[in-house]
Participant: 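The following block contains the structure, expressed as structure tokens.
Heavy-atom basis, side chains included; hydrogens, waters and symmetry copies ignored. Numbered from 1 within each chain, the chains take letters A, B, ... in sequence-line order.
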Protein chains: 2
Amino acid sequence: MAQAHFDALLTASYVQTFPPGLELIRQGDPADFLHIVLDGSVELFGQWADRECTMAVVQPVSTFILAACIRDAPYLMGARTLERTRIMLIPASDVRAMFRRDGEFALAVIDELAASYRSVVRSAKSMKLRNSRERVASYLLRQSSLAEGVASYTLPVEKRLLASYLGMTPENLSRTLRTLEGDGVKVIGARVIITDRARLTALARPDRLIDGPDPVATSAGVGLPPSRDGGG
Amino acid sequence: MAQAHFDALLTASYVQTFPPGLELIRQGDPADFLHIVLDGSVELFGQWADRECTMAVVQPVSTFILAACIRDAPYLMGARTLERTRIMLIPASDVRAMFRRDGEFALAVIDELAASYRSVVRSAKSMKLRNSRERVASYLLRQSSLAEGVASYTLPVEKRLLASYLGMTPENLSRTLRTLEGDGVKVIGARVIITDRARLTALARPDRLIDGPDPVATSAGVGLPPSRDGGG
DNA sequence: CCATAAACTTGATGCAGGTCAAACTTCGCC
DNA sequence: GGCGAAGTTTGACCTGCATCAAGTTTATGG
């Protein structure tokens, strides 16, 4: 986009650092600011009737709640920091004004939205088509692929959160991980060791249309993170 | 958008009528055409490992698989007609070219994508936060609201498909509907009769952030249809 | 380095919802 | 209008996963 327009956005926006566990956004609130994670990580979650579930974890550098800002509609998800996190906030009205003025910016918005949409669809497919054991297995395998196929890595998030993201209870995740030891993967604490990739793959049946990656991916950045310091 | 540009798109595209049950799109295929339902209805579904689930039903007038076209990526979902359906097909390359040339068109694309994104997020929240009984109850209630709060209406889709959309088996849907008779709604065949709205509402706990509608909604049109002849 | 809380694990138990099988009903079609 | 196929319902059964209740390990902070 035009440098002048970019500068204008920067001027209107500001950057702030938040402590861990801080609620940045309450679901249902009007979309005041587009948020961009510069550093750290943010959990997006849904709430309903005293229940809560993790929808995604946003890693740098990535926007979140873009769609709400664009439609000037209430946030569908809440957001809280998972660690000390630096975030840039751009007034939603400036975002809406800017993609009317700057064609390049509009294109970037389109691409980001399309990527986000596909990301949620993938996640929804995984939830509806796989059982929890298969979801865990494919998650573990995917994390390995994202780290260039290493056989060992550490989980990027707490198991409690991972369980919620995968649509299961922490207890069930714990048990599932134990039973997966017979299927090619061992998890000790946050350490994952793939002992038999072929076997784990046979069980997980990873699918490009669920587990990605998207061919021309620009910077999806929504979903559980590839690694602690991942770009998306 | 500019009339000349609009005409150019129309020239490149064509309209075709398909019989019921025809597979329009196979998931994983390259995104050749943006599809627009002009008449009839189309099911979007996901497949994995010999399993299948309904993701959405598209009613006129609405686009589908826009995101795949934009990213020039493979379709994440398959699509089939549910009845005799008239569809406009616009070459994906023309769509991509057009929103680069025409700012107004780009804005329309942004709005459509944002609406679609929010639609999937709502659906994902419903799946993760509600049990099947609650999903059925809120679905029945929502259909009533969409038909301006009538106490009686006919289901817009087959129960088999509805079950899949709601993430349950047809058997379980059938049983759930039976047990809901004690909670303010009776379903006879495809006929829904709300006998005690307050009671059903207490059970369904409908939520604006899951069941909509989106405040400034333009034409979301993805999800199960409000009615057979609905605009969305 | 210890105290406390939080996260994680393990076990026992129960139920929501899936599966299988068999009827019954509805619908499209000749 | 009757036949076959598909959709729907019902019943019996079972299992995957949630829940509840301890325990154990791991972080956090003074």
Side-chain angles (χ1 to χ4, degrees), chain A residues 19-22 43 48-54 80-84 126-137 139-140 154-183 186-192 203 228, chain B residues 19-22 43 48-54 57 80-84 126-137 139 154-183 186-192 203 228:
Chain A
L22 190 89
E43 175 193 6
W48 180 81
D50 88 344
R51 285 169 230 173
E52 182 176 312
C53 72
T54 302
R80 71 169 70 90
T81 55
L82 290 175
E83 55 195 310
R84 187 179 162 82
S126 187
M127 285 300 302
K128 290 184 90 166
L129 290 165
R130 302 211 258 230
N131 62 30
S132 61
R133 185 181 175 76
E134 292 160 342
R135 290 199 297 277
V136 172
Y139 175 82
L140 294 177
T154 53
L155 291 173
V157 293
E158 284 181 353
K159 286 183 187 165
R160 190 175 58 93
L161 191 148
L162 178 57
S164 178
Y165 176 70
L166 295 175
M168 57 204 292
T169 59
E171 294 96 321
N172 192 30
L173 173 59
S174 186
R175 270 187 263 273
T176 301
L177 289 176
R178 190 128 317 288
T179 70
L180 279 177
E181 280 182 14
D183 289 286
K186 187 179 280 195
V187 179
I188 302 159
R191 187 103 217 134
V192 179
L203 192 147
R228 224 38 184 11
Chain B
L22 190 90
E43 175 192 5
W48 180 80
D50 87 345
R51 285 169 230 172
E52 182 176 313
C53 71
T54 302
V57 170
R80 71 169 69 92
T81 54
L82 290 174
E83 55 195 309
R84 187 178 161 82
S126 187
M127 285 300 301
K128 289 184 90 166
L129 290 165
R130 302 210 258 229
N131 62 30
S132 61
R133 186 182 175 74
E134 291 160 342
R135 290 199 296 277
V136 172
Y139 174 82
T154 53
L155 291 174
V157 292
E158 285 180 352
K159 286 183 186 165
R160 190 176 57 93
L161 191 149
L162 178 56
S164 178
Y165 176 70
L166 294 175
M168 58 203 291
T169 59
E171 294 96 322
N172 192 29
L173 173 60
S174 185
R175 272 187 260 273
T176 301
L177 288 176
R178 190 129 317 290
T179 70
L180 280 177
E181 280 183 12
D183 288 287
K186 189 179 278 193
V187 179
I188 302 159
R191 186 104 218 133
V192 179
L203 192 147
R228 224 37 183 12

Participant: Is any side-chain nitrogen or oxygen of B:Thr169 closer than 4.0 Å to OP1 or OP2 of C:dG18?
Facilitator: yes
Participant: Any base atoms under 4.0 Å from A:Gly21, or only sugar-phosphate, or nothing? Heavy atoms, all strands.
Facilitator: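 No contact.
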Participant: How bent is the helix from C:dC1-D:dG30 to C:dC30-D:dG1, comparing axes over its five end pairs at each side, to the nearest 10°?
Facilitator: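 Taking the rotation axis at each end, their angle is 60°.
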Participant: Is B:Thr81 reaching over with its side chain to a backbone N or O of B:Leu22, donor-acceptor style, under 3.5 angstrom?
Facilitator: yes
Participant: Quick one: B:Ile188 CD1 to C:dT26 P, roughly how many Å, whole number?
Facilitator: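 Nearest whole value for this atom pair: 12 Å.
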Participant: Rounding to an integer number of Å, can you tell me how far B:Asn172 CG sits from C:dC15 P?
Facilitator: 16 Å
Participant: Where each residue is assigned the nucleotide of DNA chain C containing its nearest heavy atom, which of B:Thr176 and B:Glu171 is assigned the position nearer the 5′ end?
Facilitator: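 The residue closer to the strand's 5' end, by nearest nucleotide, is B:Thr176.
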Participant: C:dT26 C1' sits how many Å from B:Glu158 CD, rounded?
Facilitator: 11 Å
Participant: Which listed nucleotide (C:dG17, C:dT10, C:dA7) is nearest to the side chain of B:Ser132?
Facilitator: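 Of the candidates, C:dG17 comes closest.
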Participant: Give a yes or no answer on whether the side chain of A:Lys159 reaches the backbone of A:Gly189 with a donor-acceptor pair at less than 3.5 Å.
Facilitator: yes
Participant: Testing the basics here: between B:Met127 and B:Tyr165, what is the closest heavy-atom pair and its distance to 0.1 Å?
Facilitator: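 Scanning both residues completely, I find the closest heavy atoms to be SD-O, 4.4 Å.
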Participant: Mind listing the closest non-hydrogen atom pair of A:Cys53 and A:Ser164 along with its distance?
Facilitator: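 The pair with the smallest heavy-atom distance is CA-OG, 3.3 Å.
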Participant: Exactly one of A:Asp183, A:Asn172, A:Thr176 should register a side-chain hydrogen bond (donor to acceptor under 3.5 Å, both in side chains) with A:Arg133. Which one does?
Facilitator: A:Asp183
Participant: Figure out the CZ/C1' separation between B:Arg191 and C:dT26, and round it to whole Å.
Facilitator: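 So the two atoms are 17 Å apart, to the nearest Å.
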Participant: Name the first nucleotide and the last nucleotide along DNA chain D (5' to 3') that come under 4.0 Å of a heavy atom in chain B.
Facilitator: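 So the contact region on DNA chain D extends D:dG7 to D:dA12.
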Participant: Looking at A:Arg51 and B:Arg130, what are the two nearest heavy atoms and their distance?
Facilitator: NH1-CA, 3.9 Å
Participant: Spell out yes or no: do the side chain of B:Arg160 and the base of C:dT26 have one donor N/O and one acceptor N/O closer than 3.5 Å?
Facilitator: no
Participant: Of all the heavy-atom pairs spanning B:Leu129 and B:Glu134, show the shortest one and how long it is.
Facilitator: O-OE1, 4.3 Å
Participant: So, A:Glu52 and A:Arg80, do they make that salt bridge, N to O below 4.0 Å?
Facilitator: yes
Participant: Whole angstroms only, please: what is the CG-P distance between A:Leu177 and C:dT10?
Facilitator: 10 Å
Participant: Measure from CZ on B:Arg84 to P on C:dG28 and round the result to the nearest Å.
Facilitator: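 Value for this atom pair: 15 Å.
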Participant: Expressed in angstrom and rounded to an integer, what is the separation of B:Arg133 atom CZ from C:dC15 atom P?
Facilitator: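 To the nearest whole Å, that distance equals 15 Å.
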Participant: I'd like to check B:Leu166 versus B:Thr54 (side-chain heavy atoms, cut-off strictly below 4.5 Å). Are they in contact?
Facilitator: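 No; the side chains remain at least 4.5 Å from each other.
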Participant: Need one value for A:Arg175: base, sugar-phosphate or nothing, where a base atom within 4.0 Å counts as base even if backbone is also close, heavy atoms only.
Facilitator: base
Participant: So which atom in B:Arg191 and which in B:Thr154 form the shortest heavy-atom distance, rounded to 0.1 Å?
Facilitator: NH1-CG2, 2.9 Å
Participant: Rounded to whole Å, please give me the gap between CG in A:Leu173 and C1' in C:dC8.
Facilitator: 10 Å
Participant: If you compare every side-chain N and O of B:Asn131 against the phosphate oxygens of C:dA16 (OP1, OP2), does one of them come in below 4.0 Å?
Facilitator: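 Answer is no, no contact under 4.0 Å.
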